[in-house]
Q: 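Handing you a structure now.
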2 protein chains.
Amino acid sequence: MAGAPVSATLLALATPAAESALPCRSDTRGPTRDVTTDNARLPTLEDVARLAGVSRATVSRVINGIRNVNPELHEVVWSAVNATGYVANRAARSLVTRRTGTIALVVSDSESHDDDPFMSRFFSDPFFGRVVGGLMSALRPAGIQLALQLVGADQARGQLVGDLRQGQADGSVVLSLHPGDTLPQLLADAGLAGVVIGRPARPVPISHVDVANDRGAALAADHLVARGRRRIGMITGPIDVPASVDRSSGFRAAMARHGQLFVPSVTGNFTYDSGDRGMRELLAEYPDLDGVFVANDLMAQGGLGALHELGRRVPDEIAVVGFDDSSAALAARPQLTTVRQPLEDMAAEAARMLMALIDEPRRETTAVVFEPTLVVRSSS
Amino acid sequence: MAGAPVSATLLALATPAAESALPCRSDTRGPTRDVTTDNARLPTLEDVARLAGVSRATVSRVINGIRNVNPELHEVVWSAVNATGYVANRAARSLVTRRTGTIALVVSDSESHDDDPFMSRFFSDPFFGRVVGGLMSALRPAGIQLALQLVGADQARGQLVGDLRQGQADGSVVLSLHPGDTLPQLLADAGLAGVVIGRPARPVPISHVDVANDRGAALAADHLVARGRRRIGMITGPIDVPASVDRSSGFRAAMARHGQLFVPSVTGNFTYDSGDRGMRELLAEYPDLDGVFVANDLMAQGGLGALHELGRRVPDEIAVVGFDDSSAALAARPQLTTVRQPLEDMAAEAARMLMALIDEPRRETTAVVFEPTLVVRSSS
DNA sequence: AACGTTTCGGAGAGCGCTCTCCAAGGGAGT
DNA sequence: ACTCCCTTGGAGAGCGCTCTCCGAAACGTT
């Protein structure tokens, strides 16, 4: 039951060559479609009502679970529904209810243009999948669909807001890839139901879920100290990213509590390379460090690579703690001790908050902050 | 510009503790919503028509780009649209057109139950994200939404088919996590438009895209031989997975062409552990191997771990080639030479095929097979 | 027994859009 | 000059559903 290999079920080898597609076989036996399917009008409420010998309204009541329906009729109606194989037409229903039963997952990337490959890099990061999984876990029981929306250029944002208002979705969960994204503000201004994952850089009157980045960093600090490390440094993330700022300040504060008032640090940009570079810089200036907190796993992995090449043994000579518990943490050698944020839970909570907001639009905006946990592996 | 750190923008530390959420602050300033938004009915076709001084029908024609409209009116109508900020109501439109403008990405997992954590494992694999990214790249230009559907238990399958028929989506792209999944057959029987990613285990009259697993494996074989390896073994995947079978047979065939008729091999199950184990078994029986093809990256990563512990130097003493080019390939030390399948392209093609199928339902089912490529890294 | 109250089910009016049908107008053909 | 055809735009009928309004029936009250 170790990490199962879902991807492998279907795969093969990569292709820079864009259009290497070659139609191959075409198994066709007879007409592709079942004739009955194409023509036969799907059963409507009317059909069910006729079969059950009641009116449309009654059937509607039964289906929507509204009281005031005689139990016997209830029975009759349901058996008619089953007999006809009736499924409510979503479009017709939402035309009148003004609800779509859909929420949008909006991935907003203000810096990239519409067809930027950046998006694909984002999608291949487990982060995205974990969020989707968390959302689905909350949405599915409620019978709500999840629709994906990508917005890149600013021009697309206005359109998105328009689409959102006009029945594309009842609300949206926003995933901003960059600090200072304008979308949360736009949604707030338009009065649309929305929940942001991750605290917006600037305060925006919109609900969000987040993780306590500062406390997560403190966890890392406590751990390093508990491991007996006394000369501890840090590689931070970009200074304009809220999460990054919180991690740095949380770490420094925790170290101060442990009596280390100065934390040698360098600034990275969350990439593997910047972690590699950052670690080398840090050690060049402070060669006797015996512990390093790195603000995300990818940089930590890079740092680990640098340490390996520098001949420093991890964790014996120097301990490393990352942040995120991404796949990079497992991929790193040695495997990375890291701070994990409960992304699935956060996403699920975001979905629940959004549903509540949709049901009761005047609800106050709220923020829910989750507690991170420390995952101890071999790097510390 | 190296692999950017999307996930890190928002993250912190993990939580086995389920309900660790704690409401924190609630920035509310005044009523949450803009009053104008709540009450003001959104502009309808009627409103636009009145403003433009024409009939609804004319506005509809203009918006849907139907000819037979006087260019001047065209102008007038568009400016009225802009003035009102009109956006067509999706529900109303699809009620009459019988098109939703949505396609479903159906993730089908016949072995798991509805709330199985397996799903979350799947979502955190880059495989999922790559498919989504590929789909979006084709869907977005066409203005088509992507909705996510998960189906686990069989019971849910019937319902899915019902929902799909009744306007949940115009068609679906199916991602089956297990061989022999019944869903493709169900869709075919129901005459629903669908495209499967990955060849179904049993032939089903439904279109699909796939990668040439056999040729991918051959690429690996050719590469190992070209690297001067002469005693080459293999760790295969499960024998009931089509992709796995194709990889094995493709590899054996290619090796035969190179004069090595017997390929020592052990069977794994695509997990890290089974790769570790498989490598040990393989070397126990054939200690002098100088090259190994492993049917997926995760197993290859496990195998690399085993080699490290066994003190075999990679690639000097023994070369390793994986399959998938997943994140595991980059994570492995040394980084893994692997066969990459063009997942994004495949998904995009699946989307295009599906759109064509939706436009012309009687179209024959087709299969498109993509060529894999070899990504050479340090393990060979 | 007459009235008030409550429960239940039907009738029917839309929701906002598309699209067929039709009328009006303009150009060409004879 | 008259007829015919083609282009253009309006009128209006639904698409399938929900939900308000209303009447009928069933019950309880004085």
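So you know, we letter chains A, B, ... as the sequences are listed, proteins then strands, and number each from 1.
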Q: If you define the side chain from C-beta out and look only at heavy atoms, does anything of B:Leu105 sit under 4.5 Å from B:Ser172?
A: no
Q: For C:dG16, does OP1 or OP2 lie under 4.0 Å from any side-chain N or O of B:Thr44?
A: no
Q: Find the distance B:Arg98:CZ to C:dC19:P and express it as a whole number of Å.
A: 12 Å
Q: For A:Asn64 and B:Val54, take the nucleotide of DNA chain D holding the closest heavy atom to each; which residue's nucleotide lies nearer the 5' end?
A: B:Val54
Q: Using a 4.0 Å heavy-atom cut-off, does A:Arg61 contact any base of the nucleic acid, only the sugar-phosphate backbone, or nothing at all?
A: base
Q: Below 4.0 angstrom from OP1 or OP2 of D:dG10, is there any side-chain N or O of B:Thr58?
A: yes
Q: DNA chain D: B:Gly53 or A:Val87, which has the more 5' nearest nucleotide?
A: B:Gly53
Q: In whole angstrom, give the distance that lies between atom CZ of A:Arg93 and atom P of D:dC15.
A: 18 Å
Q: Would you say A:Asn89 places a side-chain N or O within less than 4.0 Å of OP1 or OP2 belonging to D:dC15?
A: no
Q: When the distance from CD1 of B:Ile63 to C1' of C:dC19 is rounded to whole Å, what number comes out?
A: 15 Å
Q: Under 4.0 Å: is that the gap between some side-chain N or O of B:Ser60 and OP1 or OP2 of C:dT18?
A: yes
Q: Output the rounded distance in Å from CG (B:Leu95) to C1' (C:dC15).
A: 9 Å
Q: State whether A:Arg56 places a side-chain N or O below 4.0 Å from either non-bridging phosphate oxygen (OP1 or OP2) of C:dG9.
A: no
Q: Compute the angle between the rotation axes at the two ends of the helix from C:dA1-D:dT30 to C:dT30-D:dA1, each taken over five pairs, rounded to 10 degrees.
A: 50°
